[in-house]
A.B. asks: 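I am attaching a structure below and will ask some questions about it afterwards.
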Amino acid sequence: MLSNNDGCIVSRTDEAKAIGVGMAAPFYQNKDIIEQHDIAVFSSNYHLYGDMSWRVMETLRMLMPPGAVEVYSVDEAFLDMSHIPAAQLQQKALEIKNTVEMWTGIKVSIGVAPTKVLSKVANRLAKKHKEATNCVLLLDTPNKLKKALEQTPIGDVWGVGSRYAYKLLNHHGISNAWQLQQMPEAWAKQHLGGVVGLRLIKELNGEPCIEMKDPLEKKKMIATTRMFGIPVFDLQPLKEAVATYTARAAEKLRRQYSAASYIDVFVVTNERKEQAYTYNPQSNHRYVSLPNPTSITGELIKYAVPLVEQLYRKGPKYLKAGVMLGGIVPDSSLQGNLFVPPQSNKQRLLMSAIDNINFSMRDDVLKYATSGTTRNWKMRQEMRSKRYTTRWDELYEIG
DNA sequence: TCTGGGGTCCTAGGACCC
DNA sequence: TCTGGGGTCCTAGGACCC
């Protein structure tokens, strides 16, 4: 499966992994091997994945007490199982796994352990040894834990990225999670980013330090950024793109009942340096503080477009643009705000109406003229599967 | 010649995650 | 010719305050 714009490979079946299709590798570099083995390729399809993800998460929420499910990403969740007696954990995990598969068709694997970091270790092994574990693995004895940690390469530990993995291996001779777990806390604090490293060591030792997150927490930053489907050289399409992204970001803002206090616009160019044709992205950004926090699309566009005008120079090829909203505060216009002109309060109602229409009909049925009408810079999704579960006209058909 | 201590807030940048 | 998008947390350092 590919990232946006059909750029990178971001997920692979076990079979594709075995053949040697690289992770996060550029798609075009793997075209030969993909054609050779007739591997199926799919563009990103957020409607389908988002909907299936929601079905899986709903299933989990139905099987657990309120507040015990933390959705961590589109395909991952943490479950607080502290209310379940130790002797029943295995059975409960199996029940969850089977129910999810029965109700959604999605196969999941489950790792059970005292901390989040350890449950990720367990989950990875459950998935890796499907036959032996039946996709469920408990780390409930010191022995099992030691074995599991020994089998976990350092770079596969949650919280150890490529930088730390390199450093740990080459400067400290640490190659697996067990060796890391043995290191003193003071050492971790010094070499692995301060309190972050300290937490990691504690979690590896079974002491929970990473809390379950409240699902009602609001985002502190909201961004919409895209690569262009085709190279862009002119100001006009750049302005259209930034207006479009601003509208999307504003939608996300309103969905969590927030307003933004500043807006940051950036563009990425491929400056050709001395060696022609090399990929050499350069990012430039500019931001402005808003006189009043707002969630009104038109207001935000009014501030965003001048920023892109300031950033634009004729010449370079533009690969990408983006909008970031920050200084997120509760949206006071929701209750009707005495301190802004009545016009703004009406605007907020208009926004709600537009959001409802765009949500129930189809994305972007209603949009701002600044966003452009042809929009041929939009991203490529040439191999997108159908949106089976969210579009009537793309329903699965049985012959 | 000498130049405090303690605190807050903000931004930039680096690391990480999926 | 072609390399994603959207986040989080932490630290350092500067500006400013009394």
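Chain letters run A, B, ... following the sequence lines, proteins first and then strands; every chain starts at 1. Source: prediction; values computed, not measured.
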A.B. asks: Verify, without hydrogens or angle tests, whether E150(A) (side chain) and W178(A) (backbone) share a donor-acceptor contact under 3.5 angstrom.
C.D. replies: no
A.B. asks: Just the rounded figure in Å: distance from C1' of dT3(C) to CZ of R226(A).
C.D. replies: 16 Å
A.B. asks: Please determine if a side-chain N or O atom of T225(A) lies less than 4.0 Å away from the OP1 or OP2 oxygen of dG6(C).
C.D. replies: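 Yes, T225(A) has a side-chain N/O under 4.0 Å of OP1/OP2 on dG6(C).
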A.B. asks: dG4(C), dG5(C), dT3(C): which one has an atom nearest the side-chain heavy atoms of Q29(A)?
C.D. replies: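 Nearest to the side-chain atoms of Q29(A), counting from C-beta on, is dT3(C).
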A.B. asks: Where the side chain of D355(A) meets the backbone of E251(A), is there a donor-acceptor pair that is under 3.5 Å apart?
C.D. replies: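 Answer holds: no.
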A.B. asks: Which comes earlier along DNA chain C counting from the 5' end, the contact point of R380(A) or that of Y46(A), where each point is its nearest nucleotide?
C.D. replies: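 Checking each residue's closest nucleotide, the 5'-ward one belongs to R380(A).
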A.B. asks: Quick test: give all pairs of protein nitrogen or oxygen and nucleotides 7-10 of chain C nitrogen or oxygen below 3.5 Å, distance rounded to 0.1 Å.
C.D. replies:
unit_1  : atom_1 : unit_2  : atom_2 : d
dG7(C)  : OP2    : A223(A) : N      : 2.5
dG7(C)  : OP2    : A223(A) : O      : 3.4
dT8(C)  : OP1    : K220(A) : N      : 3.2
dC9(C)  : OP2    : K220(A) : NZ     : 2.8
dC10(C) : OP1    : R199(A) : NH1    : 2.9

A.B. asks: Quick check on dC2(C): is either OP1 or OP2 less than 4.0 Å from any side-chain nitrogen or oxygen of K317(A)?
C.D. replies: yes
A.B. asks: Using atom types as modelled and distance alone, determine if a side-chain donor or acceptor of E70(A) lies under 3.5 Å from a backbone N or O of K213(A).
C.D. replies: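 The answer is yes, because a donor-acceptor pair under 3.5 Å joins these two groups.
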A.B. asks: For E203(A) and R199(A), indicate whether the former's side chain and the latter's backbone hold a donor-acceptor pair under 3.5 Å.
C.D. replies: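 Not a single qualifying donor-acceptor pair exists.
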A.B. asks: Expressed in angstrom and rounded to an integer, what is the separation of I230(A) atom CD1 from dT3(C) atom P?
C.D. replies: 14 Å
A.B. asks: With a 3.5 Å cut-off and sequence neighbours excluded, list the donor-acceptor pairs that the side chains of residues 91-106 of chain A form with protein atoms.
C.D. replies:
unit_1  : atom_1 : unit_2  : atom_2 : d
K92(A)  : NZ     : L63(A)  : O      : 3.2
K97(A)  : NZ     : N134(A) : OD1    : 3.2
N98(A)  : ND2    : L94(A)  : O      : 3.3
T99(A)  : OG1    : E95(A)  : O      : 2.6
E101(A) : OE2    : K107(A) : NZ     : 3.1
T104(A) : OG1    : V100(A) : O      : 2.6
T104(A) : OG1    : I106(A) : N      : 3.1

A.B. asks: Atom NZ of K320(A) to atom C1' of dC2(C): distance rounded to whole Å?
C.D. replies: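 Value for this atom pair: 15 Å.
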A.B. asks: Which whole-number value in Å describes the distance from K31(A) NZ to dT3(C) C1'?
C.D. replies: 13 Å
A.B. asks: Across nucleotides 12-18 of chain B, 5' to 3', mark each nucleotide with B, S or - according to how protein heavy atoms within less than 4.0 Å reach it.
C.D. replies: ---SSSS
A.B. asks: Do the side chain of R12(A) and the main chain of V21(A) share a donor and acceptor less than 3.5 angstrom apart?
C.D. replies: yes
A.B. asks: Say we look at dC2(B) and dC18(C): how far apart would their C1' atoms be, to the nearest angstrom?
C.D. replies: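 Per the computed distance, 22 Å lies between those C1' atoms.
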A.B. asks: Fit a plane to each ring of F78(A) and W158(A), take the angle between them on a 0 to 90° scale, and name the class: parallel (under 30°), tilted (30 to 60°) or perpendicular (over 60°).
C.D. replies: tilted
A.B. asks: Using modelled atom types and a 3.5 Å cut-off, is there a donor and acceptor pairing between side-chain atoms of K218(A) and backbone atoms of Q256(A)?
C.D. replies: yes
A.B. asks: Counting only N and O atoms by type, is there a donor-acceptor contact under 3.5 Å from the side chain of N170(A) to the main-chain atoms of Y166(A)?
C.D. replies: yes
A.B. asks: Rounded to the nearest Å, what distance is computed from the CG atom of residue N45(A) to the P atom of nucleotide dG5(C)?
C.D. replies: 16 Å
A.B. asks: So, using side chain to side chain contact (heavy atoms under 4.5 Å, CB included) as the criterion, who are the partners of W187(A) when residues are at least two apart?
C.D. replies: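 Side chain to side chain contact (heavy atoms under 4.5 Å, CB included) check on W187(A) returns L168(A), H172(A), I174(A), L180(A), M183(A), P184(A), H191(A), L192(A).
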A.B. asks: Dot-bracket notation for DNA chain B is requested: 5' to 3', Watson-Crick or G-U wobble pairs only, both distances under 3.5 Å, with ( ), [ ], | and . as defined.
C.D. replies: ....||||||||||||||
A.B. asks: Under a 3.5 Å distance rule, please check whether R380(A) uses its side chain to pair with a backbone N or O of G229(A) as donor and acceptor.
C.D. replies: yes
A.B. asks: Start with the C-alpha distance between T244(A) and R248(A), add both sets of side-chain angles, then the distance that settles side-chain hydrogen bond (donor to acceptor under 3.5 Å, both in side chains), and finish with yes or no.
C.D. replies: CA-CA 6 Å; T244(A) 305; R248(A) 262 241 79 102; over 6 Å; no
A.B. asks: Test your reading of the model: is there a side-chain donor-acceptor pair from N4(A) to the backbone of S44(A), 3.5 Å cut-off?
C.D. replies: no
A.B. asks: CE of M227(A) versus P of dG5(C): gap in Å, rounded?
C.D. replies: 6 Å
A.B. asks: Taking atom types as modelled, is there a side-chain donor on R348(A) or S352(A) under 3.5 Å from an acceptor on the other?
C.D. replies: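 Yes, because at least one side-chain N or O of R348(A) sits under 3.5 Å from a partner of the opposite role on S352(A).
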A.B. asks: In whole angstroms, how far is the P atom of dG6(C) from the CZ atom of R248(A)?
C.D. replies: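 The answer, rounded to whole Å, is 9 Å.
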A.B. asks: Can you list, in residue-number order, the parts of residues 299-316 of chain A that come under 4.0 Å of DNA chain C, counting heavy atoms only?
C.D. replies: none
A.B. asks: What integer distance in Å separates L253(A):CG from dG6(C):C1'?
C.D. replies: 15 Å
A.B. asks: Distance between the P atoms of dT3(B) and dC17(C), in whole angstroms?
C.D. replies: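 Here dT3(B) and dC17(C) have their P atoms 24 Å from each other.
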